[in-house]
Protein chains: 2
Amino acid sequence: MSYKNPLFTVDSVLFTVQDNTLKVLLVKRAKAPFLGQWALPGGFIDIEQDANTDETAHRKLRDKTGFTPQYLEQLQVISGAERDPRGYSVTLAYYALVAHAPVKARIDSVKIAQWIDVKDLSLHPLAFDHAQIIALAQARLQQKTLYSMIPAFCLPERFTIAQLQQVIETIIEKPIQRKSLMRRIEASEMFTALDEKTSSGGRLAQLYSIKAGADLVNFERNLMAKDE
Amino acid sequence: MSYKNPLFTVDSVLFTVQDNTLKVLLVKRAKAPFLGQWALPGGFIDIEQDANTDETAHRKLRDKTGFTPQYLEQLQVISGAERDPRGYSVTLAYYALVAHAPVKARIDSVKIAQWIDVKDLSLHPLAFDHAQIIALAQARLQQKTLYSMIPAFCLPERFTIAQLQQVIETIIEKPIQRKSLMRRIEASEMFTALDEKTSSGGRLAQLYSIKAGADLVNFERNLMAKDE
DNA sequence: CCAATAGTGTCTGTGAGACAGTATGAG
DNA sequence: CTCATACTGTCTCACAGACACTATTGG
């Protein structure tokens, strides 16, 4: 038996937080369909280069945007006949996090890459069903933020608790208690307090960094931030 | 640009609980490679029949084993050059739950399907990397059991709290408090108490069923069963 | 009656929420 | 000194764990 093999692609939703805003990295499509529209960075697996799909996601992010995420995880496979005008398609979507940095040059086939505020996505027509995929990724990121330190991967090498709190609050769109956050930083054992402090207008703030090779810890309770 | 499209398959890890044992449904392969060995039921997507990969998983389970799961969810994509001797392959693994029932007759290409105790898997040589996929699925099922009522989908239409407790304890391999379970049954609002009780050697037990169209609720805390 | 299983009452423990209070920097 | 931000102490609350207690069946 031999079936028609559908198109298989890998797309990534790369998030960062800048200025208390959750942003997603989009690229302008250089080819039809959806030529010139914003889309998730992604493409076809290259079985010569990619040992697995994680490497495909990394490679496409690197080549199309210049970023290498600090965190990358499978989100979901989306499939169907209607989502790509070229025909039945299967897409493996990843979501990823990186510390904010401006988009550098642009590469080969892609005209331009840009950080776009997730709140402004409705202003931009997105290619394929990429708007839905971003919504899925955002929901997953929000959920995971309630029981893990995943937002730490949106921060630079050295950061303060206040910065981490800001990032968390931006992601879940609710305030949290600094005290709860400190308890979790302690309990997770993911972080090292550096011998360094940073100035921020008042008392100097302790700098932290993620321990090398530290695993993401899952807490047994969610944060339960109140609505506004 | 045109890359070689890798083989894309969909495989399912269908679990059930019987006699306080977690079992997984395996089929004997009817073709090379791994002819005659146990494997997960799965196969290629059929873009004529399957609106998406969920339907592929359902169709393959139905055709190869006769079962229609009460719960089905994507697990993970596994990919690489080494996992299938025929070449680079990409597999979307699902995990699924169903109330126990004996395996019925058998269909077309597949010789036989059978419920196999997950503890006995080491006795059987499994095709491909299916042993690892089952281990992944089991870990996910255990984790999800801590914060949801997902084990209810291993039960028949009508069931008692004691049965649900048994299934949970079998999955997580730890005892839980009946009281905690009752609190969650209440809070989840997923279940209806039927006007019916069943005999089980002592006081009659209340029968419950899953409300039609009830969504799986995620609790904000995990169960925290002690080791043994 | 007793044995067995179903179900409740209620106390403790844990970690999040709330928020007042203290500490330490700059000017 | 004051102001701003960092950090701590400690109370409350919600819900899981523990386990003794009552309830209801069959024999």
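Naming convention: chains lettered A, B, ... in sequence-line order (proteins, then strands); numbering from 1 in each chain. Worth knowing before you read on, the calculation uses all heavy atoms, side chains too, and leaves out hydrogens, waters and symmetry mates.
At a threshold of 4.0 angstrom between heavy atoms, the contacts of Leu223(B) are confined to the sugar-phosphate backbone, with no base atom among them. Arg184(A) comes within 4.0 angstrom of sugar-phosphate atoms only, judged by non-hydrogen atoms across all strands, and of no base. Counting non-hydrogen atoms under 4.0 angstrom, Ala162(B) reaches the backbone sugars and phosphates but no base. If you check every strand for non-hydrogen atoms under 4.0 Å, Arg183(B) touches a base.
Note on Ser199(A): every side-chain N or O is 4.0 Å or more away from OP1 and OP2 of dA26(C). OP1 or OP2 of dA18(D) lies within a sub-4.0 Å distance of a side-chain N or O belonging to Gln177(B). Between Ser200(B) and dA4(C), a side-chain N or O to OP1/OP2 separation shorter than 4.0 Å is absent.
Nucleotide dG27(C) holds its P atom 18 Å from the CZ atom of Arg203(A), rounded to whole Å. Summarising the geometry, the separation between CD on Gln206(B) and P on dA23(D) is reported as 18 Å, rounded to the nearest angstrom. The CG-C1' distance, from Leu204(A) to dG27(C), rounds to 14 Å in whole Å. Counting to the nearest Å, the P atom of dG15(C) and the CG atom of Leu146(A) are 18 Å from each other. When the C1' atom of dG17(D) is taken as reference, atom CD of Glu220(A) falls 12 Å away, rounded to whole Å. If you take CZ of Arg178(B) and C1' of dT8(C), they are 10 Å apart, rounded to a whole angstrom. In this structure, CG of Asn222(B) is placed 12 Å from P of dG15(C), rounded to the nearest angstrom. Remark: P of dG17(D) and CD1 of Ile172(B) are 9 Å apart, rounded to the nearest angstrom.
In the model, Tyr147(A) has no side-chain atom that pairs as donor or acceptor with a side-chain atom of Asn222(B) under 3.5 Å.
Nearer to the 5' terminus of DNA chain D, by closest-nucleotide assignment, is the contact made by Thr160(A) (compared with the other of Leu181(B) and Thr160(A)). Taking for each of Ile176(A) and Tyr208(B) the nucleotide of DNA chain C with the nearest heavy atom, the 5'-most of the two is the partner of Tyr208(B). Nearer the 5' end of DNA chain D, as judged by each residue's closest nucleotide, is the contact made by Ile161(A), out of Ile161(A) and Ser180(B).
Picking from dA18(C), dC7(D), dG25(C) the nucleotide with the shortest atom distance to the side chain of Met182(A) gives dC7(D). Comparing dA16(D), dA6(C), dC19(C) by their nearest atom to the side chain of Met224(B) picks out dA16(D). Set against dA6(C), dC15(D), dC19(C), the side chain of Arg221(B) has dC15(D) as its closest nucleotide.
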I would like to know whether Thr68(B) and Arg62(B) meet side-chain hydrogen bond (donor to acceptor under 3.5 Å, both in side chains); could you show each step before the answer?
-> CA-CA 6 Å; Thr68(B) 298; Arg62(B) 180 169 20 83; 5.1 Å; no
Given side-chain hydrogen bond (donor to acceptor under 3.5 Å, both in side chains), test Thr56(B) with Asp50(B) step by step and report yes or no.
-> CA-CA 6 Å; Thr56(B) 306; Asp50(B) 307 328; 2.8 Å; yes
What's the verdict on ring pair (Phe, Tyr, Trp, His ring centres under 6.0 Å) for Trp115(B) and Phe15(B), showing C-alpha distance, side-chain angles and the deciding distance?
-> CA-CA 9 Å; Trp115(B) 289 113; Phe15(B) 289 112; 9.1 Å; no
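When each of Thr170(B), Ile171(B), Leu164(B) is tested with Ile168(B) by the rule side chain to side chain contact (heavy atoms under 4.5 Å, CB included), just one qualifies, namely Leu164(B).
A donor N or O paired with an acceptor N or O is found under 3.5 Å between the base of dG9(D) and the side-chain atoms of Lys179(A).
The pair Arg221(A)-Glu220(B) fails the salt-bridge criterion, with no side-chain N (NZ, NE, NH1 or NH2) lying under 4.0 Å from an Asp/Glu carboxylate O.
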